[in-house]
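The structure under discussion appears below in the form of structure tokens.
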Number of protein chains: 2
Amino acid sequence: MVRAKGEERRAEILRATLEVIAERGYRGATLGAVAERVGLTQQGLLHYFPTKEALLVALLAERDQWDAIPGDSWRLDLLSSLVDYNAMRPGVVQTFSALLGESVTEAHPARDFFTRRYVVVRGNMASVLRTAYGERLPSGLTPEQAGTLMVAVMDGLQYQWLLDPEAVDMSAAFRDFLHLLEGADAERPKT
Amino acid sequence: MVRAKGEERRAEILRATLEVIAERGYRGATLGAVAERVGLTQQGLLHYFPTKEALLVALLAERDQWDAIPGDSWRLDLLSSLVDYNAMRPGVVQTFSALLGESVTEAHPARDFFTRRYVVVRGNMASVLRTAYGERLPSGLTPEQAGTLMVAVMDGLQYQWLLDPEAVDMSAAFRDFLHLLEGADAERPKT
């Protein structure tokens, strides 16, 4: 499918935004740096996105389109595949880990996005776990309790991995967590 | 003990820095904002800390002094107390969660601090778990494997809690994780 020229340009600008945020965070990013990366003047960039916040909002919307929140009908092993996939794209993980970190500061424009996203993600994780285990996991935890921990483990591992990829194998560590959910008597999961 | 006036002033400046970073992140923080909060001119502030980075380095050193990394001789239940304590000081947690997030961006001055800190924290967590469980946890995980997950859970829960304190009970969730480590057959831990 051929995209209109304007749309191509927008996509190019969003890719550049992703990179600039990975390098400097959102608060450190400037419209000038994004413009420079795509060979536009700052005035030219404002034609596509009138403010820096508009750029961020477009980037977050784009993420929701391409990078679906794990659905409530996913199987547990698909979550491992998602973590494996993330381990192959440090740039994207870096951008969103930086944004998540910044989002807890006052009046950050990504704060609502993350707050709403986590409500949905926790709910979906609980559904996935309920399908796998019913109302109680082997440990006695409810799917909701374990779902909150699962989201925390995924996020927390990303920071450790981004800081020290030689020391932390994010995929293996996430499988360890799934094994922990299985309980003491389970076989090690097949890999 | 009476502290010299200069030292008091430095402590006051560091408290203001903590607040400004909680509000705006490190990249969004300015020396002007810190100076204003303590009633100094920017020139006056530079007398105590010559650069913004020097302020950050002093803040991180201060943290290591007051807010010890959990030691390798801690018992597991002290970790719960640490999480309970953190739940009572959202400002400090907010500052360090924002800094951790920013630290994964390029050439961030807190990156080395966090990278080194995590090596030590993961090692200490593994020691605590080894003392509690020996070479294998009930799930079959090694203390090192479980230690990495424990650090991830603590960090990940902090983001969910900061974004949505009504929805996420960080202390209860961390106890759920300790219960998960106990394995399927264990009683719920005494609280």
Side-chain angles (χ1 to χ4, degrees), chain A residues 21-29 93-95 97-108 111 114-115 118-119 122 137-142 145-146 148-149 151-160 162-164 167-169 172-174 176-177 179-186 188, chain B residues 21-29 93-95 97-108 111 114-115 118-119 122 137-142 145-146 148-149 151-160 162-164 167-169 172-174 176-177 179-186 188:
Chain A
I21 293 176
E23 289 165 17
R24 313 181 188 186
Y26 174 73
R27 283 218 169 83
V93 174
Q94 188 177 345
T95 301
S97 296
L99 280 173
L100 172 62
E102 280 183 89
S103 75
V104 306
T105 59
E106 313 284 317
H108 194 280
R111 183 175 181 126
F114 280 112
T115 305
Y118 277 116
V119 171
R122 280 192 298 266
L137 277 77
S139 56
L141 295 187
T142 65
Q145 290 173 309
T148 298
L149 294 177
V151 179
V153 163
M154 289 172 116
D155 287 338
L157 286 177
Q158 289 183 352
Y159 289 106
Q160 292 185 55
L162 286 168
L163 288 170
D164 202 347
V168 177
D169 181 338
F174 186 69
D176 290 342
F177 179 71
H179 178 66
L180 203 51
L181 293 181
E182 284 285 317
D185 305 316
R188 290 298 303 229
Chain B
I21 292 177
E23 289 166 16
R24 313 180 189 188
Y26 173 72
R27 284 219 168 84
V93 173
Q94 187 177 345
T95 301
S97 295
L99 280 175
L100 173 60
E102 281 184 88
S103 76
V104 306
T105 59
E106 314 283 319
H108 194 282
R111 183 174 181 127
F114 281 111
T115 304
Y118 278 115
V119 171
R122 280 193 296 267
L137 278 76
S139 56
L141 294 186
T142 64
Q145 290 173 309
T148 298
L149 294 177
V151 178
V153 163
M154 290 172 115
D155 288 336
L157 286 176
Q158 289 183 351
Y159 289 107
Q160 291 185 56
L162 286 168
L163 288 170
D164 203 347
V168 177
D169 180 338
F174 186 68
D176 290 341
F177 179 71
H179 178 64
L180 203 51
L181 293 182
E182 284 284 318
D185 305 316
R188 293 295 305 227

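These numbers come from the heavy atoms of this one structure, side chains and all, not from hydrogens, waters or symmetry mates. Per chain, numbering begins at 1; letters A, B, ... match sequence-line order.
In terms of non-hydrogen atom pairs under 4.5 Å with chain B, the most contact-rich of Val168(A), Val104(A), Val153(A) is Val104(A). Per-residue heavy-atom pair counts under 4.5 Å with chain B were compared for Arg122(A), His108(A), Gln158(A), and the maximum is reached by Arg122(A). Interface summary for chain B: among Leu163(A), Leu137(A), Asp155(A), the most heavy-atom pairs under 4.5 angstrom belong to Leu163(A). Between chain A and the residues Val93(B), Leu181(B), Leu162(B), the largest count of heavy-atom pairs under 4.5 Å involves Leu162(B).
Interface remark: Ala98(B) contributes backbone and side-chain atoms alike to the contact with chain A (heavy atom separation under 4.5 Å). Heavy atoms closer than 4.5 Å to chain A are found in both the backbone and the side chain of Ser103(B). Both the backbone and the side chain of Phe114(B) have a heavy atom closer than 4.5 Å to some heavy atom of chain A. When heavy atoms are compared at a cutoff of 4.5 Å, Ile21(B) approaches chain A solely by way of its backbone atoms N, CA, C and O.
Side-chain atoms of Leu157(A) and Thr148(B), non-hydrogen and from C-beta on, do get closer than 4.5 Å to each other. With contacts defined as side-chain heavy-atom distances shorter than 4.5 Å, the pair Glu23(B)/Thr105(A) does not qualify.
Looking at His179(A), its side chain does come within 3.5 Å of a backbone N or O of Ser139(B) through a donor-acceptor pair. For the pair Arg27(A) (side chain) and Arg24(B) (backbone), a donor-acceptor distance under 3.5 Å is present.
Arg111(B) has no carboxylate O lying under 4.0 Å from a charged side-chain N of Asp164(A), or vice versa, which leaves the two without a salt bridge.
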Self-check item: Leu149(A)/Phe174(B) under side chain to side chain contact (heavy atoms under 4.5 Å, CB included): CA gap, chis, key distance, verdict
Solution: CA-CA 8 Å; Leu149(A) 294 177; Phe174(B) 186 68; over 6 Å; no
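The shortest heavy-atom contact between Gln160(B) and Ala152(A) is NE2-N, 3.3 Å.
The line from CG of Leu141(A) to CG of Asp176(B) is 5.0 Å long, rounded to the nearest 0.5 Å. Atom CZ of Phe177(A) sits about 7.0 Å away from atom CZ of Phe177(B), to the nearest 0.5 Å.
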